[in-house]
Visitor: 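Below you will find the structure I want to go over with you.
We number each residue from 1, following the sequence as shown.
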Amino acid sequence: MKLTQALPFYEAYVAAGFPSPADDYVAHSLDLHTYLVKHPAATYFARASGDSMQGEGIFSGDILIIDRALEPQHGHIVIAAMLGEFTCKKLDKHNKKLLAANPDYPSLAINEDTRIEGVVTYSIRQHVRTG
């Protein structure tokens, strides 16, 4: 069994444009599980595959954090079960469709067999491949 461990969290923002002066203190610890998982009993993880959601910043290999306790709203990124397979798409409640975030992919009509399996709350991307 793995134990969670709180890691140092620096309150200063890290500039993604021009460098800014660094703050040299740790404000508090941050347990990523506590930060990323609001409903532990209703949350699961899945790995994204394919490039249909790149326009939303979700790339193949990313880890998705999915919360089944949230009520899916128009515009949410969701996991849906369709024809026995799972897909990650943007929910369009107004037109009853699941939208890809890549123009190379068509929208999918929501029908009586479509089940929304949860709302994607976060995605995690690995930037450095190790091992």
Side-chain angles (χ1 to χ4, degrees):
M1 170 170 50
K2 291 186 178 183
L3 300 176
T4 60
Q5 177 182 352
L7 300 174
F9 180 60
Y10 293 86
E11 284 291 333
Y13 285 86
V14 176
F18 293 103
S20 66
D23 290 342
D24 290 331
Y25 70 94
V26 177
H28 54 81
S29 293
L30 176 67
D31 177 342
L32 285 177
H33 189 271
T34 301
Y35 183 75
L36 298 174
V37 178
K38 301 300 181 215
H39 304 106
T43 299
Y44 64 100
F45 302 87
R47 191 170 298 276
S49 176
D51 60 357
S52 72
M53 293 304 291
Q54 286 182 351
E56 290 290 339
I58 296 174
F59 297 87
S60 194
D62 288 357
I63 295 172
L64 306 176
I65 302 173
I66 304 135
D67 191 333
R68 289 185 294 232
L70 297 177
E71 182 67 31
Q73 300 297 318
H74 177 78
H76 279 174
I77 297 171
V78 298
I79 302 300
M82 300 184 81
L83 302 171
E85 294 192 20
F86 293 104
T87 187
C88 178
K89 298 289 183 273
K90 189 170 190 174
L91 180 61
D92 179 349
K93 280 191 151 186
H94 304 305
N95 298 302
K96 297 184 179 178
K97 291 185 177 184
L98 297 171
L99 309 175
N102 180 331
D104 294 338
Y105 292 85
S107 299
L108 303 171
I110 296 173
N111 60 40
E112 63 278 352
D113 295 326
T114 304
R115 287 188 336 270
I116 304 299
E117 297 290 336
V119 176
V120 176
T121 54
Y122 295 94
S123 61
I124 301 169
R125 180 172 312 115
Q126 183 177 0
H127 293 278
V128 176
R129 303 288 180 213
T130 57

Visitor: State, to 0.1 Å, how close Tyr122 and Tyr35 come at their nearest heavy-atom pair, and which atoms those are.
Guide: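 Shortest heavy-atom contact: OH-O, 3.9 Å.
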Visitor: Determine whether a donor-acceptor pair (N or O, by modelled atom type, separation under 3.5 Å) exists between the side chain of Thr121 and the backbone of Ile65.
Guide: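 Checked: pair present.
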Visitor: Taking atom CG of Asn111 and atom CE of Met82, what is their separation to the nearest 0.5 Å?
Guide: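 Reported to 0.5 Å precision, the distance equals 5.5 Å.
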Visitor: So which heavy atom on Ser60 is nearest to which on Ser49, and how close?
Guide: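 The pair with the smallest heavy-atom distance is OG-CA, 3.6 Å.
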Visitor: If you compare all heavy atoms of Ser52 against all heavy atoms of Cys88, which two are closest, and at what distance to 0.1 Å?
Guide: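 Minimum heavy-atom contact is OG-O, 4.2 Å.
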Visitor: May I have the step-by-step check of side-chain contact (heavy atoms from CB on, under 4.5 Å) for Val37 and Phe45, ending in yes or no?
Guide: CA-CA 10 Å; Val37 178; Phe45 302 87; 4.2 Å; yes
Visitor: Please report the interatomic distance CD1(Ile116) to CD1(Ile66), rounded to the nearest 0.5 Å.
Guide: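 Reported to 0.5 Å precision, the distance equals 12.0 Å.
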Visitor: Are Ile79 and Val120 packed together at the side-chain level, in the sense that at least one heavy-atom pair is separated by less than 4.5 angstrom?
Guide: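 Counting from C-beta outward, Ile79 and Val120 do come under 4.5 Å.
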Visitor: Are side-chain heavy atoms of Ile110 and Leu98 found at a separation under 4.5 Å?
Guide: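 With C-beta onward as the side chain, the pair touches.
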Visitor: Can you run down the salt bridge (charged side-chain N to carboxylate O under 4.0 Å, His left out) pairs that involve residues 80-105, sequence neighbours left out, and say none if there aren't any?
Guide: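 Sorted result for residues 80-105: Glu56-Lys90.
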Visitor: If hydrophobic clusters are built by linking Ile, Leu, Val, Met, Phe, Trp and Tyr wherever their side-chain heavy atoms come under 4.5 Å apart, do Phe86 and Met53 end up in the same one?
Guide: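 Yes; tracing contacts between hydrophobic side chains, which count when under 4.5 Å, links both residues.
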Visitor: Would you check if the side chain of Arg68 reaches a backbone N or O of Tyr44 as a donor-acceptor pair within less than 3.5 Å?
Guide: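 The answer is no, because no donor-acceptor pair under 3.5 Å joins these two groups.
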Visitor: Mark yes or no for whether Asn102, through its side chain, and Asp51, through its backbone, hold a donor-acceptor pair below 3.5 Å.
Guide: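 Yes; judged by distance alone, with no hydrogens or angles, the pair exists.
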Visitor: Out of the candidates Ile58, Ile77, Ile124, only one should pair with Leu64 under the side chain to side chain contact (heavy atoms under 4.5 Å, CB included) rule; please name it.
Guide: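 Among Ile58, Ile77, Ile124, the one that satisfies the side chain to side chain contact (heavy atoms under 4.5 Å, CB included) with Leu64 is Ile58.
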Visitor: Quick check: closest heavy atoms across Gly57 and Asp62, and the distance to 0.1 Å?
Guide: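 Here Gly57 and Asp62 meet closest at O-OD2, 3.7 Å.
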Visitor: So, taking the atom named CZ in Arg115 and the one named CG in Asp113, what distance separates them when rounded to the nearest 0.5 Å?
Guide: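 Here the rounded value is 9.0 Å.
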Visitor: With a 4.5 Å heavy-atom cut-off, do Leu91 and Val119 have their side chains touching?
Guide: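 Side-chain contact under 4.5 Å: no.
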